[in-house]
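Since the model is a prediction, treat every value here as computed from it, not as a measurement.
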Amino acid sequence: MGITERKEGIYLKEYHLPQAPARLNLRDALRVRSAAYPWNRAIGSGLATCLPILIGLLLGDIIHGFSAALGAFTFLYIGTETYKQRAKKLAAVAICLAAAMVLGSLLAPYTIVLSIVAGIIGIIAFYVLNTLQLLIPGPMFFVLIFCMATGLPLDPHSAWERGLYVLLGGALSWLLAMASWLWTKKNHEKQVLVKSYRQLMTMLQSIGTPSFYQMQHLTVLTLKQADRIIYASKRQPAALRLHELAADIFYTLTQLNNDSLSSDLRKSLENQLTAVIDALEDAKGNWPAYTNSEQSVVRNLQLELEQAYELSSKATAEEAVHVETESAWSVLRNGLSRKNITVRHALFYGLFIMIASLLAHSLGFNRPYWVPVACAAVLIGANTTLTIHRAIQRSLGTIVGTLIGGLILSLEPSGIYLILVVGLLQLCVELVIVRNYVFANMFIAPLVLVLVETMNPGNTVSYFVTARVVDTIVGSLIAILAVLLLWRGIHTRFLPIILKETILNMQELLRAIHSGDREKRHTKKLMNNLIELRAAYDRSLGDFSASQQQAEVLWPAIMHTQHAGYLLMSLRKNKDKLTETQYDAIQNQLGSIMTSLSTRQPVSFEKYEELDLQRELNQLQSALTQLHKTKDAAKLAPN
C-alpha cells in the first residue's frame, strides 16, 4: 500500500506500508499447530493429579483423595519465572482454589447468591491474571472449583474440610513444582538474557524487510518478560547491566532501521551479537574483529555489543544490588480504570458466568454447574473469532471425550487402575493442548466425568454423559451470544482511545526527557501503552468483517505510532543532543497529531526532516490525514 501526501505543492516521500497482520478466520478453529510436546509439564501435572488419590487410597479414604486432586490445578500455573516467584504465585493459587471450594460448598443451597459469587470470582480472577500477565491457564479453574463444589452433596458443615483437602492437594503440587530446583537449579537470569539477545538477533536480521515491525513488537514483549525475571532475582549487577544493554541495543536497532546496511556491515554486526550469545551460553568463542563504522548509530551499536560481550564473559561473583520494582498490588491498583479494556473484559466475563449459572439453575438442568464452567472456558477467547473457536473446540472435544469417559466408567475401574486412568488423562491433556484445544477436551471431558462420578456415586453413566454434553453446548452457546451481542467490535472501538492516550504519553515523555524529570517512569508508561495498542489491534482482527475493515484502516497510524514511540524512547540516550528547536518541533508535531485525533479531521502540519523521529511523525500525520479523508472515519469515533 503506498501513501503520498500533498501539502502546498510538495509531496512527501512515497513509501510502502509493511503488510498488516493477517485476519483470524473461523476455519482456523480446527488447525493443528506444530509445537513441541511439553513432557515435563505433562508428567508433573499427571503426578500432581494422581498422587493425592493414591495417598487417599492408601489411607482408606479415596473420596477425599479425589477432593485433594482438585488442588492439582495449582501445578498448571507454572510459568517462566524464578523459583522465588513460583513459590509465591503457586501458594496464592492453592489458597484461592481452596477458598473457592469452601465458598461453593457453603453457598450451594442458595441459587441466586452462588450465581452472583461465581460471577465475582470470574471478575477478580480474570482481572488479576490478565493484569499480571499470567495468561496461562487463565481464570477458568477458579470458577471450575467453585461451581463443582456447588454440585457436590449438600453439606455446608463439610465446607472447611473440603477446602482443607484442596489446599493439601495444592501444597503437594507446590512441592512437585518446586522440586525441580533440587536437580536443575536453573539460572533464570541467564536463560531470559539468552532469549532476549536471540530475539535481538532476529530483529537485526529483519532490518530493511517487511517483517521488521513485527520483530520489533516481539522483541519488546521479550524484553518486557525479562523485566519480571531480572528485577525479581538476586539483583546481580552483571545481569542487570546486560538487561539494560539489551534495551539499549533494541533502541539502537530501532534507529538503525532507517539507515541502509551493507551486507558486509550486517554480517559483522551479526557476528558480534553471536559472540555475545555464545558468551552468555558459556560457549567458547573470541570477539570478532570489526571496523569502526562512520555511521554514528552503527558505531553506538558496535560499542554496546562489545560492552555486552565483556560483561557476559565475566565469571567473577558480584555482590547483589537493590532495585526498586513495582509491587503486584501497585500494578493491580494502577490498572483500575474505566478506560482499561481489561477491566471491561473482566466485568463482561463475570457477568455472563453469573447469567449462565442463573439460567442453568432456573431451567432445571441436571448438573447446572457445567453450564457456567463451559461459558467461562469459552469466554477466555480474546475476540469474537477466538470465542467461537473455543466454543467449537470445546463442544466437539466434549462430545468425543464424554464417549471416551462413558466407556471408561462402564469398565468400573477402581483402586490403582482408577488412579492410573486419572493420571494418564491429565498427562494427555497437557501434551495435546499445545496442538489444538479440541484434542485437550477429548481428555478433559473423561477426566472430569471420572472425578465427578467418583465424588457423586450412585448415578448411571448415561446420566453423566448426557448432562455433560448438553450443558457444555448450552454454556458455549451462551458465551457466543454474549460476544455477538455485547463484545463484538469492542477492540476496534477502543483503538482510537488507546491511540490518543499513547500520543498523550509521548508528549509527557518528551517533556520528561527535556526536563530530566521522571524519564524512567514515563518511558515505562509509554512502553505499556504501545504494547496495549498493538494487542488491541491484533484482537480486533478476530472480530467480524466490518470491524476488521475499520481496524485495518487504522493500521498505518498504529504502525507509525509504534515506531515513533520507540524512536522517542531512544532519545533518552542522546537527550543532550536534542536542541530547543528540535524539542519545539517535535512538540508541535505531537500537538497537531493530538488535534487531528480529537477532532477526527485532517489538520495542516509542518514537515520536519532533521531527525528520524520527526520523519516518522511526518508519516504518522500523513496517515491520519489519509484516514480522515475516508468514508470510514466517522465510524471510528470512540464510544
Side-chain angles (χ1 to χ4, degrees), residues 26 29-30 104 107-108 110-123 126 138-152 348-381 383-406 437-438 440-449 451-453 456 459-488:
L26 290 178
L30 302 179
L107 300 178
Y110 313 105
T111 301
I112 295 177
V113 176
L114 74 85
S115 298
I116 294 173
V117 172
I120 292 173
I121 289 173
I123 291 171
F126 189 98
M140 195 263 295
F141 287 106
F142 299 95
V143 178
L144 172 64
I145 295 291
F146 174 83
C147 291
M148 284 187 67
T150 65
L152 295 176
F348 171 79
Y349 184 77
L351 173 65
F352 278 92
I353 289 173
M354 180 186 71
I355 291 173
S357 179
L358 288 171
L359 283 175
H361 283 90
S362 62
L363 295 177
F365 282 78
N366 289 329
R367 282 284 178 259
Y369 61 87
W370 273 334
V371 176
V373 168
C375 185
V378 171
L379 282 179
I380 292 176
N383 50 46
T384 308
T385 301
L386 289 178
T387 300
I388 297 176
H389 278 187
R390 289 186 70 89
I392 294 171
Q393 292 164 346
R394 190 165 184 88
S395 298
L396 290 178
T398 298
I399 291 171
V400 176
T402 49
L403 295 177
I404 297 173
Y437 192 51
V438 171
N441 277 285
M442 292 180 183
F443 298 102
I444 291 173
L447 175 62
V448 172
L449 281 175
L451 290 173
V452 173
E453 197 277 338
N456 291 270
N459 292 293
T460 63
V461 172
S462 60
Y463 168 82
F464 280 105
V465 169
T466 304
R468 175 70 173 159
V469 171
V470 172
D471 294 356
T472 296
I473 293 175
V474 170
S476 299
L477 289 175
I478 291 173
I480 292 175
L481 288 173
V483 169
L484 292 178
L485 292 175
L486 293 181
W487 200 250
R488 184 178 60 183

Can you list, pair by pair, the side-chain donor-acceptor contacts under 3.5 Å of residues 112-122, counting residues two or more places apart and other chains?
| from | atom 1 | to | atom 2 | distance (Å) |
| --- | --- | --- | --- | --- |
| Ser115 | OG | Thr111 | O | 2.9 |
| Ser115 | OG | Ser357 | OG | 2.8 |

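- In terms of heavy-atom proximity, Ala376 sits nearest to Ile353 at CB-CD1, 3.7 Å.
- Note that CG of Leu477 is 11.0 Å distant from OG1 of Thr472, once rounded to the nearest 0.5 Å.
- Rounding to the nearest 0.5 Å gives a distance of 14.0 Å between CZ of Arg390 and OG1 of Thr385.
- Judged by distance alone, with hydrogens and angles left aside, the side-chain atoms of Ser362 form a donor-acceptor pair with the main-chain N or O of Leu359 at under 3.5 Å.
- Under the side-chain contact (heavy atoms from CB on, under 4.5 Å) criterion, Leu403 pairs with no residue at all, not counting sequence neighbours.
- The nearest pair of heavy atoms linking Gly475 to Ala374 is CA-CB, 4.0 Å.
- Pairing each heavy atom of Pro372 with each of Cys147, the nearest pair is CG-SG, 3.9 Å.
- Every residue meeting the side-chain contact (heavy atoms from CB on, under 4.5 Å) condition with Pro139, not counting sequence neighbours, appears here in chain and number order: Ala125, Phe126, Leu129, Tyr349, Ile380.
- In this structure, Leu481 has no side-chain contact (heavy atoms from CB on, under 4.5 Å) partners at least two apart in sequence or on a different chain.
- Atom CD1 of Ile145 and atom CZ of Phe141 lie 8.5 Å apart (nearest 0.5 Å).
- Evaluation of the side-chain contact (heavy atoms from CB on, under 4.5 Å) rule for Ala479 yields Cys375, Val378, Leu379 as partners, not counting sequence neighbours.
- The two atoms that bring Ile480 and Ala391 nearest to each other are CD1-CB, 3.4 Å, heavy atoms only.
- With sequence neighbours left out, Asp471 forms a side chain to side chain donor-acceptor pair (under 3.5 Å) with no residue at all.
- If you take CG on Leu449 and OG1 on Thr402, they are separated by 6.5 Å, rounding to the nearest 0.5 Å.
- For Arg394, the side chain to side chain donor-acceptor pair (under 3.5 Å) criterion is met by Tyr437, Asn441, not counting sequence neighbours.
- In this structure, the ring pair (Phe, Tyr, Trp, His ring centres under 6.0 Å) partners of Phe348, at least two apart in sequence or on a different chain, are Phe352, Trp487.
- At a threshold of 4.5 Å between non-hydrogen side-chain atoms, the residues Leu396 and Val400 do not count as touching.
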